[in-house]
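One structure is given below, represented as structure tokens, and several questions about it will come after.
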Amino acid sequence: MRTFLLTIFWFSNLGNVIQLLIMASAGWLIFSGDYSFFDLNVDVFITQVAPWLRWIETVVVALLGDVGRWILSIPIFIISPIKFVAGAIIGWWAYSTAKNMSADPLNHL
């Protein structure tokens, strides 16, 4: 279980690094004047700026339907910090839980 929780911790850290890169590139696009704050939503970012992430749109719409379409219409600088904070909370929880567990698997017997 400890290994599983530490894996969640590292995946959430990796996801947060990627999320920071997305926020930095979106910030640059808004700062440079290419897009306005409300024009650069998740759908526009995925289709026009980072088309290699287009699979995310397909998954979100397939799983959530109209709610997924609504989520994709949220400006990227509203949803990205929410995702970043959620990933940080999940990572912190996984790490703090794993830290209190014994590293010796025989200790649990």
Side-chain angles (χ1 to χ4, degrees):
M1 183 67 169
R2 184 172 192 265
T3 303
F4 175 71
L5 289 172
L6 289 174
T7 302
I8 290 174
F9 168 71
W10 285 110
F11 275 126
S12 69
N13 282 339
L14 177 64
N16 278 349
V17 167
I18 293 168
Q19 201 62 42
L20 277 173
L21 292 173
I22 288 171
M23 287 190 290
S25 64
W28 177 254
L29 290 170
I30 292 171
F31 180 72
S32 68
D34 292 342
Y35 296 93
S36 72
F37 180 85
F38 291 105
D39 288 339
L40 188 59
N41 60 28
V42 179
D43 188 44
V44 169
F45 188 82
I46 290 173
T47 56
Q48 296 177 12
V49 179
W52 60 89
L53 295 174
R54 183 122 187 160
W55 62 271
I56 294 173
E57 178 184 25
T58 306
V59 171
V60 168
V61 170
L63 291 176
L64 301 175
D66 289 335
V67 174
R69 289 186 203 340
W70 175 77
I71 289 171
L72 292 171
S73 69
I74 296 173
I76 196 131
F77 262 120
I78 292 175
I79 196 127
S80 286
I82 292 170
K83 289 169 53 179
F84 182 82
V85 169
I89 290 170
I90 290 168
W92 172 79
W93 168 81
Y95 179 76
S96 63
T97 304
K99 151 176 109 166
N100 294 326
M101 294 179 154
S102 173
D104 183 19
L106 296 178
N107 195 19
H108 294 294
L109 295 177

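Since the model is a prediction, treat every value here as computed from it, not as a measurement.
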- Gap between atom CG of L64 and atom CG of L72 - 0.5 Å precision: 9.0 Å

- Are V85 and W92 connected, step by step, through hydrophobic side chains (Ile, Leu, Val, Met, Phe, Trp, Tyr) whose heavy atoms are closer than 4.5 Å?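 No, no single cluster joins them.
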
- Query: If you look at every heavy atom in M23 and S80, which pair is closest and at what distance?
  - Reply: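 Minimum heavy-atom separation between M23 and S80: CG-CB, 3.3 Å.
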
- Message: How close do R2 and M101 get, counting heavy atoms only, and between which atoms?
- Response: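 Smallest interatomic distance, heavy atoms only, reads NE-O, 3.5 Å.
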
- Query: If you group Ile, Leu, Val, Met, Phe, Trp and Tyr by side-chain heavy-atom gaps below 4.5 Å, do I78 and L29 land in one group?
  - Reply: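 Yes, I78 and L29 fall within the same hydrophobic cluster.
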
- Message: Please report the interatomic distance CG(D43) to CZ(R54), rounded to the nearest 0.5 Å.
- Response: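 D43 atom CG to R54 atom CZ measures 7.0 Å (nearest 0.5 Å).
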
- Task: Can you measure from CD1 (I46) to CD1 (I22) and round to the nearest 0.5 angstrom?
- Result: 8.0 Å

- Message: Using 0.5 Å steps for rounding, measure from the CG atom of L5 to the NZ atom of K99.
- Response: 13.0 Å

- Do V17 and F84 belong to the same hydrophobic cluster, where Ile, Leu, Val, Met, Phe, Trp and Tyr are linked whenever their side-chain heavy atoms lie under 4.5 Å apart, directly or via other members? no

- Item | Least distance between heavy atoms, G87 atom then S12 atom | O-CB, 3.5 Å

- Task: Nearest 0.5 Å please: distance from the CD1 atom of I90 over to the CG atom of N16.
- Result: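 Result: 9.0 Å between the selected atoms.
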
- Interatomic spacing from CG in L21 to CD in Q19 - rounded to 0.5 Å: 9.5 Å

- Query: Under 30°, 30 to 60°, or over 60°: which ring-plane class applies to F37 and F77, parallel, tilted or perpendicular?
  - Reply: parallel

- Task: Tell me whether V42 is reachable from L63 by hopping between hydrophobic residues (I, L, V, M, F, W, Y) whose side-chain heavy atoms are closer than 4.5 Å.
- Result: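 Yes, L63 and V42 fall within the same hydrophobic cluster.
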
- Message: Quick check: closest heavy atoms across W93 and T97, and the distance to 0.1 Å?
- Response: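 Smallest interatomic distance, heavy atoms only, reads O-OG1, 2.8 Å.
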
- Query: Which pair of heavy atoms, one from L40 and one from I30, lies closest together, and at what distance?
  - Reply: CD2-CG1, 4.0 Å

- Message: Let me check something: do I18 and I8 share a hydrophobic cluster, defined by ILVMFWY side-chain heavy atoms less than 4.5 Å apart, either directly or through other members?
- Response: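 No, I18 and I8 fall in different hydrophobic clusters.
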
